[in-house]
Every structure is written in C-alpha cells, then in structure tokens.
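See structure below.
One is the number of the first residue; the rest follow in order along the sequence. Atoms within a ligand are numbered from 1 in the order they appear, just like the ligands themselves.
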Amino acid sequence: MNRKYDDLLPSPDPVSHRLRLISANWKMNLNHLEAIALVQKLYHLLRPEDFRYAEISIHPPFTSLRSLQLSFEADRMPFTLGAQNVSDQASGAFTGEVSAQMLAKLGVGYVIVGHSERRRLFGETSEEVARKAIAVQGTGMHPIVCIGESNDERRAGQTLEVLTHQLDPILSTYPAKDLDGVVIAYEPIWAIGTGESAEPEVVEETGMAIRHLLTERVGAETASRIRLQYGGSVNPGNAHEFMSLGDIDGLLVGGASLDADTFAMLVKSC
Ligand code: 13P
C-alpha cells in the first residue's frame, strides 16, 4: 500500500463501518508522462479531508505503474496504486501476461478483474475471473470484481440471474476467510461510457439484491463487510447520490477520471 501518513487514512463510514473506495480506471489511456502529470495535478487539487473520506485508487495501464509508484513515494501522495487486469498464472510461458506477484512487488493494492470490456472483448469467463481474483488475494492485494448485466438482460428481467452467475465461481472457490477483502463493482454494461448512468433507484435496488445474495451465500457477517462499488458514467454531478446509497461504498470511474479537474471535482462532491 502506498499510504504512509496516518493522518490521511480514510475513516470508515459511520453507519456501514466499511471503508469507502473511489477508483479511477484509466483503461487504455495516458502514457507514463501524462500519468505522472495527472496524479500530480490531482493531488494538488484534493484536500486532506478528501483522503480521509475515501481511499482513492488509481488504475493506470501497466506501463505507468512503476512511474506512479515512484511519484506517489517521492511526493508523498496518499493514493493507492491499482491495476486493471492480471494473469491467473504465477509465472512461465504466457507471452504478454503480467502476474499478481509482479503487481504486488510494485506496491499495487487493488486489481480490477472481470471488467465487462475484458469479458466481452477478450472472452474472459467468470471461472477465469475467479482464478484471477484468487491470484490477487494470494499476494495480499484486493481484487475489484466487476459484474454487470447488458441492456437486453435487464429488459428481459434477468439481471439478478446474470449477476449471480458472474459471482458464483468466486463465492464457491475464493478462500472464505478472505472474502471480506473482495470489492465488488456493479457496472451495468449499458451505463459504461454512454453518459447515461443507472438511476440511483436501480443502483440501490441492485446493490441491496447483491448484498442479499452475499448474505445467503457467505453469511451476514462477511456479507456486511464486503464493499460494493457502482460504476457506469459516474460524473461530478451524480457521484454524491450514488455514494449516499446505503449499500454502495465506492465508485469505479472511467472517463471522468481522465481529467484531473473533473476527477477532483467528483471526489470533492462526495
Ligand atoms: P465510464 O465511467 O467511462 O462510464 O466507465 C465506467 C467503467 O467502465 C469503469 O470501470
């Protein structure tokens, strides 16, 4: 973890007792020089109370991880480093892949697994996503497991079935003692990158349904500790509303995290 300053540690939500987590998923954007410039500006724009409100994780492409690790350390920026993907294998002849060990060594704290773009464009299955999450957990990092339904699935009333199916391999294979360290990001596919976020009522209802499913599968105590993020066209105008929902503990932000002014405004609005 890259948080070294106790006075800037986030405090838990007084009601849920869960730590809030606001994550910037940069996807395949920004080279390492642009990445450094963005975090420096963002740090300058944020206030100490923003870091006390929530942990803020930055998920750049792999090529910027080392640069951001050094920047965070050198300038004492209390961001947590994050990655967007990982191999489910530990090492070996897997051309183009990056292992959880390698990410952990860079000080990465959170790794996004199973983003809908990876499921859709790269054919990742929920079983593979579960293996990746377990690889992440095995090195002491936390997986951010993305789940979400398509427009057609929602219209057909299949949302809960789809989410259950996506979570099932994780819930049945992940080490039970560490399940409370998993972050689940609910990202309805139809809300990603469209500028049309889900209605807060939909997120509230789905968040409750996910929490209910977790309670049934892993027990009330563990379920109450698992953090849920919402993602999909989050912006400075709607972030606060999502954060005020009882079951939502954080945000996974794409487009609005690529500009320091916009992302700072978003964090401050929460
Ligand atoms: P947008 O915020 O650009 O809709 O992206 C959401 C997302 O996919 C974050 O992982």
>> Please determine whether side chain to side chain contact (heavy atoms under 4.5 Å, CB included) holds for the pair H115 and Q84, giving the CA-CA distance in whole Å, both sets of side-chain angles, and the decisive distance to 0.1 Å.
In response: CA-CA 8 Å; H115 192 281; Q84 302 175 14; over 6 Å; no

> Does the pair E55 and I22 meet the rule for a side chain to side chain contact (heavy atoms under 4.5 Å, CB included), with working shown?
Replying inline: CA-CA 6 Å; E55 183 174 5; I22 300 179; over 6 Å; no

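Ligand 1 lies nowhere less than 4.0 angstrom from a heavy atom belonging to G231. Using a 4.0 Å cutoff on heavy atoms, A191 counts as a contact of ligand 1.
Using a cutoff of 4.0 Å between basic side-chain nitrogens and carboxylate oxygens, E127 and R131 are not scored as salt-bridged.
Looking from atom 7 (C) of ligand 1 to the surrounding protein, the closest heavy atom is E187 OE2, 3.1 Å. Summary of contacts: the protein heavy atom closest to atom 2 (O) of ligand 1 is G254 N, 2.9 Å. Closest to atom 5 (O) of ligand 1 among all protein heavy atoms lies K27 NZ, 3.3 Å. Protein heavy atom in closest approach to atom 3 (O) of ligand 1: G255 N, 2.8 Å.
Contact of the V234 side chain with the S197 side chain is not registered, since no non-hydrogen atoms from C-beta on lie closer than 4.5 Å. Using a 4.5 Å heavy-atom cutoff, the side chains of F62 and L103 are in contact. Residues Y110 and S23 are not in side-chain contact: their nearest non-hydrogen atoms beyond the backbone lie 4.5 Å or more apart.
Of all the atoms in ligand 1, the ones that sit under 4.0 Å from a non-hydrogen atom of N25 are 9 (C), 10 (O). Remark: ligand 1 atoms within the under-4.0 Å shell around heavy atoms of L252 are 9 (C), 10 (O).
In this pair, Y43 and F79 present their aromatic rings perpendicular. The plane angle is above 60°, beyond the 30 to 60° band.
For ligand 1, the polar-atom distance check finds no N/O of E117 at less than 3.5 Å from any of the ligand's N/O atoms. The distance criterion of under 3.5 Å between nitrogen or oxygen atoms is met by H115 with respect to ligand 1. Among the atoms of G193, some N or O lies under 3.5 angstrom from an N or O of ligand 1.
Residues D50 and K268 come closest through the heavy atom pair OD2-CG, 3.5 Å.
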